[in-house]
K.L.:
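This is the structure I want to talk about, given as structure tokens.
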Amino acid sequence: MEEKVLTGKKHGMLALFGIMVLYLLAVVGFVYGLYMNDENPVLIFSVITLIVFASVLLSGLKVLKPQEALVLTLFGRYVGTLKGDGFYFVNPFCISVNPAAKTRLGQSGDVNDSAALLAIANKTVNTSAEMSSKKISLKIMTLNNSRQKINDCLGNPIEIGIAVTWKIVDTAKAVFNVDNYKEFLSLQCDSALRDIVRIYPYDIAPNVDTTGDGVADEGSLRGSSEIVAERIRKEIQKRVEEAGIEVIEARITYLAYATEIAAVMLQRQQASAIIDARKMIVDGAVGMVEMALERLSENHTVELDEERKAAMVSNLLVVLCGNRDAQPIVNSGSLY
């Protein structure tokens with residue numbers, strides 16, 4: 001289905017003027033019949049015809065605000081799309097189509113039922129007809145689906161949520177190629193998210209290939225969020241191409257281990273951090289001991305045999321690597 005934009009239809013003011021003239025003629029004929037007390041059937045028929053014809057033409061007036069569109073069909077046949085702000089006049093028998101008009105998702109541009117009822121109670125919404133308008137928004141919108149529980153490539157359950165920024169670029173495809181483009185986009189976002197997340201581990205893991213080139217890499221959901229988000233965007237775009245939707249951006253908004261393993265994984269991360277910290281402390285302590293021995297040997301401050309060097313190294317490592325402040329014991333006697 002190819003989109004066909006209707007041009008040259010901004011004759012709303014002219015059509016409105018003509019409709020008002022028809023109503024005026026009907027009123028003049030009605031007043032004339034009352035004044036002349038004339039029950040001429042031709043006059044009565046003419047007045048009724050003018051009123052009915054003007055009322056039919058009135059339904060052909062369409063008003064569009066910026067970044068709005070109307071998909072029009074005539075007796076089931078697609079005739080074109082109105083785009084751009086303005087006052088239009090089209091065939092009065094044309095019907096606007098928007099299968100997703102009443103669909104409410106967790107995204108910008110949608111209002112859930114409770115919020116709508118509250119707005120009506122506070123008189124902040126004029127009519128309920130505005131809520132179910134057949135106009136299609138061409139604005140950039142953000143879809144924020146509910147969080148999903150997915151197993152990563154190592155089988156660990158994680159919870160992840162994404163926000164997808166999208167807009168409609170082809171109204172004909174959005175309306176006629178899928179049953180409901182909003183629900184279709186939401187479903188494809190969930191499906192693409194699962195397919196991509198299963199490729200990556202939550203954190204860096206050995207012997208894991210996330211790029212598909214057969215070589216292990218350091219890709220992870222936590223450390224490669226930009227790359228993962230871009231792959232999710234491309235996967236969603238590939239799936240919604242036929243729906244006339246352009247996916248502008250996809251961002252990970254929430255990422256955490258599932259509750260059933262969160263405590264265990266936290267302990268694992270703490271243990272890994274402690275090991276890394278200890279390793280750094282030991283490396284630094286060994287370097288300080290080596291430097292002390294070299295300085296003592298170079299300056300000939302004191303001559304130590306291998307046994308005394310070993311004792312000195314042991315004492316310094318205990319002091320430097322201990323969790324608490326050392327309590328030194330001073331030897332006031334002979335070194336030997």
Side-chain angles (χ1 to χ4, degrees), residues 67 100 103-110 112 136-170 173-174 177-178 180-262 264-266 268-269 272-273:
Q67 295 297 317
T103 303
R104 299 289 177 258
L105 298 176
Q107 67 176 19
S108 59
D110 285 340
N112 56 36
I136 297 177
S137 176
L138 303 180
K139 300 175 183 178
I140 297 175
M141 292 182 284
T142 301
L143 173 64
N144 190 11
N145 273 359
S146 58
R147 299 171 185 173
Q148 295 190 70
K149 184 182 291 186
I150 308 172
N151 291 339
D152 65 2
C153 69
L154 301 179
N156 298 320
I158 63 171
E159 291 183 355
I160 185 171
I162 60 170
V164 178
T165 305
W166 65 282
K167 67 177 180 179
I168 294 177
V169 294
D170 192 313
K173 288 183 178 180
N177 283 9
V178 294
N180 186 317
Y181 60 85
K182 288 185 180 180
E183 293 181 353
F184 179 76
L185 173 64
S186 178
L187 179 62
Q188 296 305 323
C189 286
D190 291 344
S191 177
L193 179 63
R194 288 185 175 274
D195 289 346
I196 299 300
V197 169
R198 288 170 180 167
I199 301 175
Y200 289 85
Y202 179 88
D203 219 336
I204 297 176
N207 302 323
V208 175
D209 175 23
T210 62
T211 58
D213 58 359
V215 179
D217 53 70
E218 296 184 351
S220 66
L221 296 174
R222 191 169 66 92
S224 309
S225 57
E226 294 290 336
I227 298 175
V228 175
E230 181 61 19
R231 291 188 67 175
I232 293 174
R233 186 199 68 79
K234 291 181 179 179
E235 184 67 20
I236 297 174
Q237 181 63 65
K238 183 175 65 175
R239 294 167 181 256
V240 300
E241 192 73 33
E242 288 300 318
I245 295 174
E246 178 186 353
V247 180
I248 300 172
E249 187 181 42
R251 291 290 179 184
I252 297 176
T253 57
Y254 181 83
L255 179 64
Y257 282 111
T259 53
E260 56 265 28
I261 67 167
V264 176
M265 288 301 176
L266 179 60
R268 178 183 176 182
Q269 291 176 354
S272 177

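Just so it is clear, the values below take in all heavy atoms, side chains as well, and ignore hydrogens, waters and symmetry mates. Note that the structure is a prediction, hence the values are computed from the model and not measured. In what follows, residues are counted from 1 in the order of the sequence shown.
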K.L.:
If I take atom NZ from residue Lys234 and atom CD1 from residue Ile196, how far apart are they, to the nearest 0.5 angstrom?
P.N.:
10.5 Å
K.L.:
Any chance you could lay out the side-chain contact (heavy atoms from CB on, under 4.5 Å) test for Tyr202 and Ile158, step after step, and finish with the verdict?
P.N.:
CA-CA 8 Å; Tyr202 179 88; Ile158 63 171; 3.8 Å; yes
K.L.:
Asn177 side chain to Gly244 main-chain N or O, any donor-acceptor pair under 3.5 Å?
P.N.:
no
K.L.:
Any idea which heavy atoms bring Ala229 and Arg251 closest together, and the distance?
P.N.:
CB-CA, 4.4 Å
K.L.:
Within a radius of less than 6.0 Å around CD of Glu230, do more than 12 heavy atoms belonging to other residues, nucleotides or ligands occur?
P.N.:
yes
K.L.:
Measure the spacing between OG1 of Thr165 and CD of Glu246 and express it to the nearest 0.5 Å.
P.N.:
11.0 Å
K.L.:
Quick one, Val208 and Tyr200 - any side-chain contact, counting heavy atoms below 4.5 Å?
P.N.:
no
K.L.:
Rounded to the nearest 0.5 Å, what separates atom NZ in Lys167 from atom CD1 in Ile140?
P.N.:
5.0 Å
K.L.:
Does some side-chain heavy atom of Leu193 sit less than 4.5 Å from a side-chain heavy atom of Ile236?
P.N.:
no
K.L.:
What closest approach, in Å, do Ile252 and Ser225 show between heavy atoms, and which atom pair accounts for it?
P.N.:
CD1-O, 4.3 Å
K.L.:
Taking all non-hydrogen atoms of both residues into account, name the closest pair between Val247 and Val164 and its distance.
P.N.:
CG1-CG1, 3.7 Å
K.L.:
Distance from Ile204 atom CD1 to Leu221 atom CG, nearest 0.5 Å?
P.N.:
11.5 Å
K.L.:
Kindly compute the distance separating CG (Asn144) from SG (Cys189), expressed to the nearest 0.5 Å.
P.N.:
10.5 Å
K.L.:
Might you point out which heavy atoms bring Cys153 and Pro201 nearest each other, and give the distance in Å?
P.N.:
SG-N, 3.3 Å
K.L.:
Does Arg231 come within less than 4.0 Å of Glu226, counting only side-chain N to carboxylate O?
P.N.:
no
K.L.:
What is the minimum heavy-atom distance between Ile248 and Arg233, and which atoms define it?
P.N.:
O-CD, 3.4 Å
K.L.:
Measure from the side-chain N and O atoms of Gln237 to the backbone N and O of Ile245, and report whether any donor-acceptor pair falls under 3.5 Å.
P.N.:
yes
K.L.:
Could you tell me whether a side-chain N or O of Ser220 sits under 3.5 Å from a main-chain N or O of Gly223, the two making a donor and an acceptor?
P.N.:
yes
K.L.:
Give, for atom CG of Asp170 and atom CG of Leu138, the distance between the pair rounded to the nearest 0.5 Å.
P.N.:
10.5 Å
K.L.:
Output yes when a side-chain donor or acceptor of Thr253 lies under 3.5 Å from a complementary backbone atom of Gly161, and no otherwise.
P.N.:
yes
K.L.:
Looking only at side-chain N and O atoms, does Ser186 offer a donor or acceptor that is under 3.5 Å from a partner on Asn145?
P.N.:
yes
K.L.:
Is any side-chain heavy atom of Arg198 closer than 4.5 Å to one of Ile150?
P.N.:
yes
K.L.:
Measure the shortest side-chain to side-chain distance between Val228 and Thr210 over non-hydrogen atoms and say whether it is less than 4.5 angstrom.
P.N.:
no
K.L.:
How about Val240 and Trp166: do any of their side-chain heavy atoms sit closer than 4.5 Å?
P.N.:
no
K.L.:
Give me the atom names and distance for the closest heavy-atom approach of Arg239 to Phe184.
P.N.:
O-CZ, 3.5 Å
